[in-house]
Structure formats: C-alpha cells, structure tokens
Amino acid sequence: MAKRQFDAVYAMVQRIPEGEVASYGQIALFLGWPNGARTVGWALRALTSGSGVPWHRVVNAQGKISLPNPTRQRALLETEGIVFDEKGRIDLRRFGWRGPDAVDLEP
DNA sequence: ATAATGACTGGGG
DNA sequence: ACCCCAGCCATTA
C-alpha cells in the first residue's frame with residue numbers, strides 16, 4: 001500500500017537523528033519537492049501506529065508542533081532531549097536537523 | 001478525469 | 001509578535 005512518494009518521505013524521516021527535528025518543508029526539499037511540504041504532512045498523517053517511523057521528529061517551520069493534540073509528540077521529543085520554550089516552540093538553530101548529508105558516520 | 005483534502009509556508013496586515 | 005490569505009503538491013474519493 002505504500003506509495004512510492006510516501007515511502008520516500010518515510011525513508012527521509014527515518015534519517016532524522018534522535019534528538020533532532022526537521023520541518024515539513026525541509027523534508028520536502030530534500031526529496032526534491034520545493035513546495036511539497038503539505039504532501040509530507042499528508043504522508044505522516046496517513047501513517048499508522050507501529051510503522052516504526054519517527055514522525056514525532058517532524059514539526060513545522062516555526063519549530064512548533066502541527067498536530068491538533070501536541071501532547072504526545074511533545075512528550076516523545078522531550079524524551080529525546082528536545083527542549084521547548086514557553087510557547088511550545090523548539091529552537092531549530094539548536095535542534096534542527098542539518099540534512100541527510102550532515103550525519104553519516106556509522107562504522 | 002475532476003474536485004476535495006490537509007500534521008505546510010511565506011508574505012502581508 | 002500574532003492572525004489571515006493565497007499558492008502548492010501528492011493522495012483519495
């Protein structure tokens with residue numbers, strides 16, 4: 001059932017290291033869709049529990065959680081060491097993922 | 001094939 | 001800083 005495009009999204013999200021976050025637009029850009037941020041959100045929305053995809057590491061460009069009920073996602077991120085400010089935003093300068101090329105040093 | 005959907009984004013008020 | 005609006009894209013119905 002996994003559509004090719006969605007699958008690409010999941011694969012990219014899987015690359016986000018623990019303790020870091022990426023924006024929808026960022027993921028889309030890495031996949032080659034300059035304006036496909038919404039499509040990324042679509043793919044994640046279609047995700048089912050137990051998919052093994054770290055969907056919680058994806059937030060909007062404002063560093064904020066886009067889900068109607070951010071509680072669960074926020075808890076997961078805090079578990080990984082992500083820090084939220086008083087307005088529930090993440091400092092992307094600090095926790096933002098650099099990209100798929102930035103981290104590739106596994107022996 | 002057309003229309004609607006939505007976990008987005010950037011710009012303007 | 002916050003709220004609203006129009007543009008954009010792949011998937012679904």
Side-chain angles (χ1 to χ4, degrees):
Chain A
M1 297 283 290
K3 300 308 174 196
R4 186 187 174 89
Q5 302 295 64
F6 276 17
D7 216 13
V9 173
Y10 304 145
M12 186 60 70
V13 174
Q14 276 285 7
R15 292 185 173 208
I16 306 173
E18 187 176 317
E20 291 183 29
V21 296
S23 74
Y24 299 89
Q26 204 175 356
I27 299 293
L29 196 61
F30 293 149
L31 289 173
W33 315 324
N35 292 348
R38 306 186 78 176
T39 304
V40 173
W42 212 268
L44 294 181
R45 176 194 76 63
L47 214 44
T48 62
S49 61
S51 56
V53 178
W55 55 271
H56 55 279
R57 293 179 191 152
V58 184
V59 298
N60 61 32
Q62 307 166 30
K64 210 170 176 183
I65 295 173
S66 292
L67 284 109
N69 181 3
T71 311
R72 183 161 55 200
Q73 181 171 2
R74 176 165 177 164
L76 286 167
L77 289 173
E78 290 182 320
T79 298
E80 298 189 351
I82 304 292
V83 179
F84 289 77
D85 64 14
E86 299 177 358
K87 294 178 180 173
R89 293 190 307 183
I90 299 170
D91 183 354
L92 296 178
R93 291 178 306 197
R94 184 177 165 191
F95 301 104
W97 184 35
R98 303 173 170 195
D101 311 303
V103 188
D104 222 314
L105 314 156
E106 283 305 324

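Note: hydrogens, waters and symmetry copies are ignored here, and every other heavy atom, side chains too, is used.
- In this structure, the nucleotide among B:dT9, B:dA7, C:dC9 sitting nearest to the side chain of A:A61 is B:dT9.
- Atom CG of A:N60 is separated from atom C1' of C:dC2 by 14 Å (rounded to the nearest Å).
- If you take CH2 of A:W33 and C1' of B:dT9, they are 16 Å apart, rounded to a whole angstrom.
- Between A:T39 and A:S23, the residue anchored closer to the 5' end of DNA chain B is A:T39, taking for each the nucleotide with the nearest heavy atom.
- Across all strands, A:R72 comes closer than 4.0 Å to no nucleic acid atom at all (heavy-atom distances).
- Residue contacts shown for A:K64 are absent, as no nucleic acid heavy atom lies under 4.0 Å away.
- Closest approach to the A:Q5 side chain among B:dA7, C:dA10, B:dG10 is made by C:dA10 (side chain taken as heavy atoms from C-beta onward).
- With hydrogens and angles disregarded, no donor-acceptor distance shorter than 3.5 Å links the side chain of A:E20 to the backbone of A:R57.
- Note: CD1 (A:I27) to P (B:dG6) measures 22 Å, nearest angstrom.
- A:Q26 contributes a side-chain N or O that, together with a main-chain N or O of A:W97, makes up a donor-acceptor pair within less than 3.5 Å.
- Picking from B:dG10, B:dA7, C:dA1 the nucleotide with the shortest atom distance to the side chain of A:L67 gives B:dA7.
- Checking A:N35 against A:K87, the closest nucleotide of DNA chain C that is more toward the 5' end is the one next to A:K87.
- Atom-to-atom, CG of A:L44 to P of B:dC8 comes out at 10 Å; the value is rounded to the nearest Å.
- Two residues, A:G36 and A:A46, neighbour DNA chain C, and the one matched to the more 5' nucleotide by heavy-atom proximity is A:G36.
- The CD1-C1' distance, from A:I16 to B:dA7, rounds to 13 Å in whole Å.
- The side chain of A:W42 approaches B:dG6 more closely than any other nucleotide in the set C:dA10, C:dC8, B:dG6.
- Residue A:A37 has its side chain nearest to B:dT9 when only B:dG6, C:dT11, B:dT9 are considered.
- Listed pair A:R74 / B:dA7 fails the phosphate criterion, with no side-chain N or O lying under 4.0 Å from OP1 or OP2.
- If you take CD of A:Q62 and P of C:dC2, they are 9 Å apart, rounded to a whole angstrom.
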Evaluate the salt bridge (Lys or Arg N to Asp or Glu O under 4.0 Å) criterion for residues A:D85 and A:K87: first the C-alpha distance (whole Å), next the side-chain angles of each, then the deciding distance (0.1 Å), finally the verdict. CA-CA 5 Å; A:D85 64 14; A:K87 294 178 180 173; over 6 Å; no
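- We find that CZ of A:R45 is positioned 16 Å from P of C:dA10, with the value rounded to whole Å.
- Contact between A:R74 and A:I65 at its shortest, heavy atoms only, is N-CD1, 3.6 Å.
- Contact annotation: side chain of A:R38 to base of B:dG6, donor-acceptor pair present below 3.5 Å.
- Side chain of A:E18 to backbone of A:G81: no donor-acceptor contact under 3.5 angstrom is found.
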